[in-house]
Amino acid sequence: MDYNDSPKKYADPSWTPHTPPQRHPEQYDMSVCTSPPRSDNYYLTPPITSGQHPDYTAPELAQPYPDPYDKSRPLSPASGVGSSTIYSNPLSPSIPPYAQTEKEAVPQPPPPPLEEPRRCGLRRRWFNIVLLIFIIVVLVLGLSLGLGLGLGLKKDKSSASGAHPSCISDPDLCIGGYLDENFYSKKGAFNGSGIALAGESWNRNQRKIFTLYFQHWTGDIRYMQYGPDQKWIGGERGQTVATDAKNATPISTVAYVLNGTQYFHLFYISKNNTLRQITNTNVTNIWQQGSLSSLNLSVYDSPSVGLQACWKGNFYGDSDYSKFPTFSGEQNQIPFEDRIGMNIWYAKDDSTFQQYAWYNGQEDWVAIQEWRGMNTHAGVGCYSWGVGTVTYAMMVNKDNDTEIWWKDTNITLTSEDKHPINSWVNSTNAAIGDVYPASSMGFTTFFYAQMADKTIKGFNITYDAENTTIETQDTFTIGGPAGALPGLGGTHLTVTAYAEKDGNDETIWDSLYVFYQRAGDDITAFTRPIQGGEWANGEIPIPLD
């Protein structure tokens, strides 16, 4: 079932078109209004002479209508089924209508004037006028009633469906129950579920490849784990990490290891539209509120908003440390010894993303900057864990084009016009046009986005600051042997890549992984070898309870 279309596209499933009763030919009334059959000489008249009845030129006989299905009585070429038909008199017009003898003929009174044919008691011309007026009145009443009922039904459906007000005017920005309450899931994943993946490559001994976080159909945020045996475990009540999540909230996660401790950070939007961070470690194994939650940051109240946290693994020379205050309240002047941490972007309003940052060893998150003029209904992508001093962020502009921004944080270099230092610059040569207005985005090996036609595409990007480009020959669309496999409009997605190696560090198998929704209560996984090949797909087995 595909639920990504607008409210005006969804009809009441209980409605069926009215089919008029079928009638057999013998049931049809072959005239508008007829009188009982009369004898064949009922209207027999003499020839009409000059000056008599100028409206008529020949005697006529009104007869009962023949059965149109009686092949022994051919119809006149001018005759039509359902019309009132006058047939010519088969008798000779020279036969007088009165008796004569050999004696002198007895004078006869003149014949009565020939009456104009009538229908339903009215002369033909008046009958036609009345019939025309009746048809016009019926059409006007029908159109008025149809328009009134249509508007009434539309209003009733809109109110009955419980659609979010903004979804009525712009359904492309909505998904699942926000479009119609009938689309809320009754099993599996939440329709419009956020999907976030945390890689755990350090957990080879525990036989875990990654952990997938999602919103269960009950509204809780849960997790499932996937191992090298290509089997899923979890997703039950015991794997619940949050119960106060907003419907269809975006979910973002960051996982890393420091000094032998495994850290997990999960970010989402609560029911009261505030940004939430919960954390866990392999030491405590307890989910608890992170320091970002204490800021009670308000998120743009909309059915679809962007949210993305990103690991900062190689920020050599990063000057953001100066934004963190010391205990005295002054700006910090000493670079951190461990320049690792996290960035996060969330929708502040309909055109502004707010960026915050956190560094390892610091308690607080600090506001970095606002990104204005963006489409905050779409997601955010990022790449800040590569070698070197340049980090990247991907956002969708108001024209629904994905922009790739870069920033070189190495303050030991000289700033130039074409390569400024510590300033965000738009890589105009690497824009991706015509994405879905509420597209989610993700990057691991390839950059992924949902296009305007709802398909999911992968792009091979060469990240090189002002020379960042897209290798167009490596662009691909996720699908199967029969073609592309689109997602729900505005589906969240998450991606990763993994290679299973043997004891000699030789690759046994590798795969790209892409997760998104196609049915509404599903999370469908797509895989293929990193170097290319056919995509395989299957739904993740999500527990009912």
Side-chain angles (χ1 to χ4, degrees), residues 1-6 9-10 171-176 179 183 185 188-189 191-197 212 214 248 250 304 306 375 377-381 394 396 399-404 430-461 469-498 510-540 542:
M1 54 180 179
D2 185 355
Y3 303 113
N4 259 327
D5 293 319
S6 62
K9 298 179 184 176
Y10 300 104
D172 285 345
L173 301 180
C174 301
I175 188 172
L179 286 169
F183 298 152
S185 302
N191 192 337
S193 169
I195 311 173
L197 187 146
L212 186 76
F214 68 99
S304 59
N375 173 10
H377 297 285
V380 178
M394 303 82 164
V396 177
D399 295 323
N400 294 329
D401 299 328
T402 298
E403 299 175 346
I404 300 178
I432 299 172
D434 204 22
V435 301
Y436 196 80
S439 171
S440 181
M441 294 182 286
F443 171 72
T444 300
T445 307
F446 294 92
F447 176 77
Y448 300 84
Q450 185 173 35
M451 309 310 292
D453 61 0
K454 300 180 184 178
T455 59
I456 308 297
K457 280 191 173 182
F459 301 86
N460 186 11
I461 299 176
T469 56
I470 296 175
E471 307 300 328
T472 56
Q473 71 277 7
D474 294 332
T475 299
F476 56 84
T477 301
I478 296 178
L485 294 174
L488 297 180
T491 176
H492 294 287
L493 65 86
T494 190
V495 301
T496 193
Y498 178 80
D510 61 26
S511 184
L512 298 176
Y513 293 90
V514 181
F515 301 85
Y516 58 89
Q517 288 188 296
R518 299 197 67 236
D521 55 9
D522 67 313
I523 295 179
T524 302
F526 296 82
T527 65
R528 72 149 223 211
I530 293 176
Q531 298 303 320
E534 292 285 342
W535 287 92
N537 69 84
E539 293 187 14
I540 297 175
I542 300 173

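All residue numbers refer to positions in the sequence shown, counting from 1.
Between the CG atom in L512 and the CZ atom in F526 there is a gap of 13.0 Å [rounded to 0.5 Å]. The CE atom of M441 sits 8.0 Å away from the CE atom of M394 when rounded to the nearest 0.5 Å. The structure places OH of Y436 at 11.0 Å from CG of D453, a figure rounded to the nearest 0.5 Å. In this structure, D172 CG and L179 CG are separated by 9.0 Å, a value rounded to the nearest 0.5 Å. The CG atom of L197 sits 11.5 Å away from atom CG of L493, with the distance rounded to the nearest 0.5 Å. Remark: T527 OG1 to D510 CG distance equals 11.0 Å, nearest 0.5 Å.
Counting heavy atoms from C-beta on, the side chains of I542 and F214 come closer than 4.5 Å. Taking 4.5 Å as the limit, every side-chain heavy atom of F447 sits out of range of all side-chain heavy atoms of I404. For the pair N191 and I175, the minimum side-chain heavy-atom distance is below 4.5 Å. Counting only heavy atoms from C-beta outward, the side chains of L485 and W535 never approach each other to under 4.5 Å. Y513 is not listed as a side-chain neighbour of L212, based on a closest heavy-atom distance of 4.5 Å or more. Here the side chains of L173 and P437 are in contact, with some heavy-atom distance below 4.5 Å. With a 4.5 Å cut-off on side-chain heavy atoms, H492 and P250 count as touching. Taking the side chain as every heavy atom from C-beta outward, Q473 and N460 never approach each other to under 4.5 Å.
The only member of T455, I456, T491 that meets side chain to side chain contact (heavy atoms under 4.5 Å, CB included) when paired with P486 is T455. Of the residues listed (I195, V514, T444), the one engaging T494 in a side chain to side chain contact (heavy atoms under 4.5 Å, CB included) is I195, and it is the only one.
Within the 3.5 Å criterion, the main-chain N or O of S304 finds a donor-acceptor partner in the side chain of H377. No donor-acceptor pair closer than 3.5 Å links the side chain of R518 to the backbone N or O of G520. Judged by distance alone, the side chain of Q517 and the main-chain N or O of G192 form a donor-acceptor pair under 3.5 Å.
The number of heavy-atom neighbours closer than 6.0 Å to CD of Q531, taken from other residues, nucleotides and ligands shown, is 12 or below.
Across all their heavy atoms, P529 and E534 have their closest contact at CD-O, 4.2 Å. The minimum heavy-atom distance linking I470 with A431 is given by the pair CD1-O, 3.9 Å. Across all their heavy atoms, Q450 and S439 have their closest contact at N-OG, 3.0 Å. Among all heavy-atom pairs drawn from A497 and T445, the shortest one is CB-OG1, 3.6 Å. Residue V495 comes nearest to F443 through the heavy atom pair CG2-N, 3.7 Å, listed as atom of the first residue, atom of the second, then distance. Listed here is the closest heavy atom pair of S193 and A189: CB-CB, 4.3 Å.
F446 has its ring centre less than 6.0 Å from the ring centre of F476.
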